[in-house]
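One structure below.
Lettering of chains follows the sequences in order, A, B, ..., and the numbering in each one begins at 1. All heavy atoms count here, side chains included; hydrogens, waters and symmetry mates do not.
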Amino acid sequence: MKVLYSWLKDFVKLDDVAPSVLADKLVKAGFEVEETIDLSSSYVNIAVCQITSIEQHPNANKLLVCQVDVGGQGTRQIVTGAHNIQVGDIVPVCLDGAILPDGKEIHTGELRGVESQGMFCGGSELGLDDSDYNGAGFDGIFILNNAFSADRLLLGMDINDLIDTRDVILDVGVTANRPDTNSVYGIAREVAAVLDRPLKPFANLEWKEEGNVEDMVKVSVLAQDLCPRYMIKGLTDITVKASPEWIRRRLRKVGLRPINNVVDATNYVLLEVGQPMHAFDYREVEGQEIVVRRAKSGEHIVTLDGKDSVLDEDNLVICNAQKPMALAGIMGGLASGVKPDTDCILLESARFARDNIRRSSKKLGIRSDSSARFEKGIDYISQEWAIERCVSMLLAQGVGKVKGGVIDVKSELPQDRHLDVSVDKINRILGIVVPPSEMVSILNRLSLKTTLDGDVLKVIVPPYREDIVGANDLAEEIIRLYGYDNIVSTPLDGMHQTHGGLYPRQKWINEIKTLLSGTVGGHEILSYSFVTPKSNDWLGLAKDDPRRHMIEILNPLGEEVSVMRTSLAHSMIKTIAYNLAHSNKDALLYEVGKIYLPDSEQPSREVETLALGAFGEGKDFYSLKAVLDQVASKLNVKLRYHAGSEPYLHPGRNADVLLDGAKIGYIGEVHPQVAARYKIDGRVYIAEIDLEKLIAQAKDHLPYVALPKYPSISRDLAFVIRAKVTGDQILETIKGACDDKLEDLYIFDVYEGKGILSGFKSVAVTVVFRDPNRTLVDQEVVERVDKILVAMKETWGAVLR
Amino acid sequence: MIDSIEQLVKRALEAIDQAKETTDLNEIRVRFLGKNGAYTEILRGMKDVKPEDKPRLGKLINEGRVRLETVLAEKEAAFRAAEMARVLEKEAIDVTLDKSQPIGSLHPITKVKNEILDIFVGLGFKVEEGPEIETDYFNFQLMNIPKDHPARDMQDTFYVSENTLLRTHTSPMQAHVMLSQKPPIRIVVPGKVYRADDDASHSPIFNQIEGLVVDKDVSLAHLKGTLDTVAKALFNQDTKTRFRPSYFPFTEPSVEVDVTCSVCGGSGCRLCKGTGWIEILGAGVVNPKVLENCGVDPNEYSGFAFGLGVDRIAMIKYGVPDIRSFYENDVRFLKQYK
């Protein structure tokens, strides 16, 4: 909330506390000061001058050459294109080196061969309009002698001294627990506590009243749960006109537009007291009746912003005998507001239920300064203060007569609460020892009336401090004024010992990352958990593919980030496309991330998943498969592969990854058609593995195997076999033909082409035999190789090459 | 005879001196010391020497032989060394050339996360993880943020249904853990969190580490002690922490925690906007209402909690100006973090 330093001075003596010092003290007390803006710094070297002569520019028809008197600063020659000036006018002038609020700098220069030692300004260039000063909105030079009385205009004076910009805005961040500080008065109350200075009361007038407001209007509150307090004060003989300059300037400086004296007064009170008000034109109060009730379904209202809203029972409305006049606490109706010829007004000052205003305003999409205050919560006493303040402000302008009495429909008001908390309890929360007398003093400064009874602080909490309910709240109040710098670092070691650490699952994930990010050469990526629903089409998923069943975000930032991913494939391919587009020619990428599957029992089933992606030189199906096998090997598990059918993979380079016979993922080359959709030109390989299932089988180590004492014998066998037979099938056949003397078996070469019949291939296999207890004799190996040859012949018709 | 011995030794030494390579030395060895070598001849002549001269001559002959063999060996060694030097010189390579061997990279967020978790594990904290799609009940209500509470404005929430959402903080894990484990509790919770925000310093997805300690008489001073230790470990030994009062519904008192700027050490620079301090996390004493909500007796136990932004710390630690760099995954960026 923006607070003027000068406004705070109405309530606390601040002459010896510079704005920056004040800001620092507020921060230390828990009020973030987001910005401190010195308004005068926006106007540099702009002065008040009088035009002493005006001549036609010798070289330009549209330009005038003026001589001006800048008081003590001498005379200047100014060339101008504006024509709303005459000799004797007093105007603002930018002197050499001047800076305007929009940042524009003015220097002495030549205009069509004639020197101009500065520039006259219009009101808009000074950030002013007609609501600030008469004539400031005119499209031309701001004629000061029309806007200000002659005694205020001194030639040569700094413009800041004329337009009252010797002021500082403190942009104070008010936390959600302190709605009572959402006003100038509320901040002033804190400032007074922090500086330990008295808080001045509102400077209200005393006035005489005539008649009785109850003769003007009858009020009934039908929804007291949503409106715990409703007050009406009547004023007659109103003259609607512009507010005095000081009010208009204060409102303008904090960003509010002055409207007229009545509306300005209610806005001023909103800012100063924190209580939203509304002024009804008495003529619109048909039936001389105000009813506060829930809207009827289908009822509608046109609000001040011109919006026509259809209402329902969630919306609270302020009605006359016939229809709604205002959306309670949110915005007045267009019809019921103050108009230029308004004579009598009813000033509303009410408390509406926080949650209802919040819901209602959200539902209707209408927000205002008023609804913002109510949503955060307002004080219980401020309804009375606001009426007094508002009436006083209007009377001070000589506007209006006050009807006697006030209508006040209220449920029981909350009372002061009594809180007893031991000094020891506070110190145990803080972990330091604050002297009890200091605690008492601090709490009293904060208007929390406190006495010490033995070890017990007896605290009286006023209703506006709803946030204070227990010892922790008091501890916070005490320490924020006592100073957080007094908290002494204390180690935890006096506590119960705990054993920390990672779960095995977390350790395995770290192991996998360490492996992949090491000499395997993988680069870890981190991508968004939400993706575009279009990715399902880009990947070519079948209509009934379960991965199309995605958790949708109701309020996404955009369609491209609107559903929770059910696979890492899209993120990986997209990342590869991004890298290719940025001329990163080759890489191995990986991601460990979750996929989010709809689940009937819980908000979602989140599955930790590993994705691999490879592209560029030296990358192919087998190199990626080798990476996957390295991961498996690290975890001491064995993966198997068989031809798969992922729709977004190359149909001939596409494998399911199996663990203990169950599919836990896939690997393959991205289908060229899919790659094209991602604007990828070239071959790209990806794999995706369910890490939960993989890690479930991970073993820290395998059973100990003694190193062999006897030598092994190995044989290389090259078979000519039909090309369709897979490596796995060949190895299975060989294994089946061997006994436990077979120690190792692997394919070391596959060849198709010259010398081999078309449709066939040559597969070279190494078989290794060993007996752990003795040296095998040659004959034993020959017998075993024979068995292999027979099996290969019988099963596949394979022959030795 | 003495003369001829000396002559012979002299001749042999001259020959050795002139030898150019190992084969020359072999030839010299054969010529002088071989079976039919000149020196061997002299030895044979010993049989004609008078017995009284034998010891003296024998000694002389032997000395000459030892001398020749020594010099030969020395020369041979010199030739071998020279030969080795020649070979080695020939084998010299340009050590500035490269043979590429891949080395991968760990995402900077992972690096920082691991570093922070390591520190806490060392302090006896257990690492817990939990769901990212949460119920309103766990994300807000148990954390003392009822429905329609103004504090909900502090976090722009992505909803997936009326009562289900993408968690806005890792704090719901405080509730999960307190509801399932008995104090003493010392946990840290890393994880992704989500807020509807997207600019240079805000990503709609970012990473937090939540911390929670619940035990008897845990105080604000313990929070300060713990965070001091962590800040020193994470940045450097001179790092100091500072508490500023703040507000979170789930802690009371609540603080924002600043550390002395890691770039300027506190004297003020661009990173810290001249203040010398950088905000790294929010923390506080666990609100007794949260303890109560989660089945922990606030009269018996107290605790502190904190939530730190891993992305933010990574930005500070590595000097990355735009948070979105972490999620673009440009290999050139990733490669900078091993």
Side-chain angles (χ1 to χ4, degrees), chain A residues 27 29-30 175-177 355 358-359 375-376 428-432 470 472-473 475-476 479-480 484 487-492 495-496 498-502 506 513 516-529 551-555 557 575 578-579 582 584 587 594 596 603-604 606, chain B residues 101-107 109-110 114 120-121 123-127 131-135 148 150-151 153-154 158-160 164 184 186 192 196 198 204-205 213 215 217 219-222 224-226 228 243-247 252-253 255 285 287-288 302 326-332 334-335:
Chain A
V27 169
T175 52
N177 60 330
D355 298 357
R358 191 182 161 80
R359 252 198 313 274
E375 275 180 23
K376 290 179 179 124
R428 287 212 321 261
I429 293 167
L430 299 176
I432 55 171
N472 288 60
D473 307 302
E476 178 167 74
I479 192 63
R480 75 187 174 94
Y484 275 96
I487 299 285
V488 182
S489 263
T490 308
L492 273 173
M495 314 253 124
H496 295 101
T498 51
H499 77 93
L502 297 168
Q506 295 163 332
K513 288 187 179 184
L516 289 172
S517 290
T519 51
V520 171
H523 301 289
E524 189 194 7
I525 66 166
L526 211 57
S527 59
Y528 280 2
S529 323
I551 295 169
E552 288 174 33
I553 296 165
L554 301 178
N555 55 334
L557 284 181
T575 303
Y578 175 93
N579 276 287
H582 288 78
N584 298 323
K594 282 177 169 180
Y596 309 83
S604 84
E606 300 176 11
Chain B
Q101 182 69 34
I103 175 86
S105 61
L106 207 53
H107 197 283
I109 297 284
T110 305
N114 287 350
F120 280 107
V121 165
L123 293 173
F125 284 68
K126 203 155 182 65
V127 181
E132 292 168 25
I133 303 184
E134 264 293 1
T135 57
D148 294 314
D153 289 345
M154 293 165 74
F158 289 116
Y159 283 90
V160 300
T164 326
R186 265 189 221 187
K192 283 181 182 157
D198 199 2
I205 300 181
V213 171
D215 206 337
D217 281 330
S219 72
L220 204 56
H222 290 120
K224 173 108 170 155
T226 305
D228 269 348
F243 282 178
R244 269 182 299 115
S246 186
Y247 167 68
E252 186 76 31
V255 291
V285 172
N287 193 317
S302 60
F326 293 133
Y327 302 95
E328 278 170 2
N329 299 305
D330 191 310
V331 172
R332 292 165 297 178
L334 298 175
K335 275 180 176 167

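Only the side chain of A:Asn579 comes within contact range of chain B, judged by heavy atoms closer than 4.5 Å. Only the side chain of A:Tyr596 comes within less than 4.5 Å of a heavy atom of chain B; its backbone N, CA, C and O stay farther away. Using a 4.5 Å cut-off between heavy atoms, A:Asp473 touches chain B through backbone and side chain atoms alike. Of the two parts of B:Glu134, only the backbone, made up of N, CA, C and O, holds a non-hydrogen atom closer than 4.5 Å to a non-hydrogen atom of chain A. Heavy atoms of A:Arg428 lying under 4.5 Å from chain B belong to its backbone as well as its side chain. Heavy-atom distances place the side chain of A:Ile551, and not its backbone, under 4.5 Å from chain B. Contacts of A:Val27 with chain B are made by both backbone and side-chain atoms, with heavy-atom separations under 4.5 Å.
No side-chain donor-acceptor contact under 3.5 Å links A:Glu524 to the backbone of B:Leu106.
Chain A forms the most heavy-atom pairs under 4.5 Å with one residue out of B:Asp228, B:Leu334, B:Asp330, and that residue is B:Asp330. With respect to chain B, the highest number of heavy-atom pairs below 4.5 Å among A:Gly431, A:Gly521, A:Ala587, A:Ser604 belongs to A:Gly521. Contacts with chain A were tallied for B:Gln101, B:Glu252, B:Lys126; B:Glu252 has the most, counting heavy-atom pairs under 4.5 Å. Looking only at heavy-atom pairs under 4.5 Å with chain B, the residue among A:Leu516, A:Leu526, A:Thr519 that has the most is A:Leu526. For the set B:Ser302, B:Pro288, B:Gly225, the entry with the most heavy-atom pairs within less than 4.5 Å of chain A is B:Gly225. For the set B:Thr110, B:Val285, B:Ile109, B:Asn114, the count of heavy-atom pairs under 4.5 angstrom toward chain A peaks at B:Thr110. By number of non-hydrogen pairs under 4.5 angstrom with chain A, the leading residue of B:Ile103, B:Asn287, B:Val121 is B:Ile103. By number of non-hydrogen pairs under 4.5 angstrom with chain B, the leading residue of A:Lys513, A:Arg359, A:Glu476 is A:Glu476. For the set B:Lys192, B:Arg244, B:Arg332, B:Lys335, the entry with the most heavy-atom pairs within less than 4.5 Å of chain A is B:Arg332.
B:Tyr159 has its side chain out of reach of A:Ile553: every pair of non-hydrogen atoms, C-beta onward, lies at least 4.5 Å apart. Side-chain atoms of B:Val213 and B:Thr226, non-hydrogen and from C-beta on, never get closer than 4.5 Å to each other. Within the 4.5 Å cutoff, no side-chain heavy atoms of A:Ile487 are placed close to those of B:Ser219. Using a 4.5 Å heavy-atom cutoff, the side chains of B:Leu123 and A:Leu492 are not in contact.
Ring geometry, A:Tyr484 versus B:Phe243: the interplanar angle exceeds 60°, so the pair is classed perpendicular (tilted spans 30 to 60°). Using cut-offs of 30° and 60° on the angle between ring planes, the pair B:Phe125 and B:Phe120 is perpendicular.
Note that OG of A:Ser529 is 10.5 Å distant from CZ of B:Phe158, once rounded to the nearest 0.5 Å.
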Exercise. Are B:Asn329 and B:His107 close enough, and set up right, to give a side chain to side chain contact (heavy atoms under 4.5 Å, CB included), and what steps lead you there?
Worked result: CA-CA 9 Å; B:Asn329 299 305; B:His107 197 283; 3.7 Å; yes
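A salt bridge links A:Lys594 with A:Glu606: at least one charged nitrogen is closer than 4.0 Å to a carboxylate oxygen.
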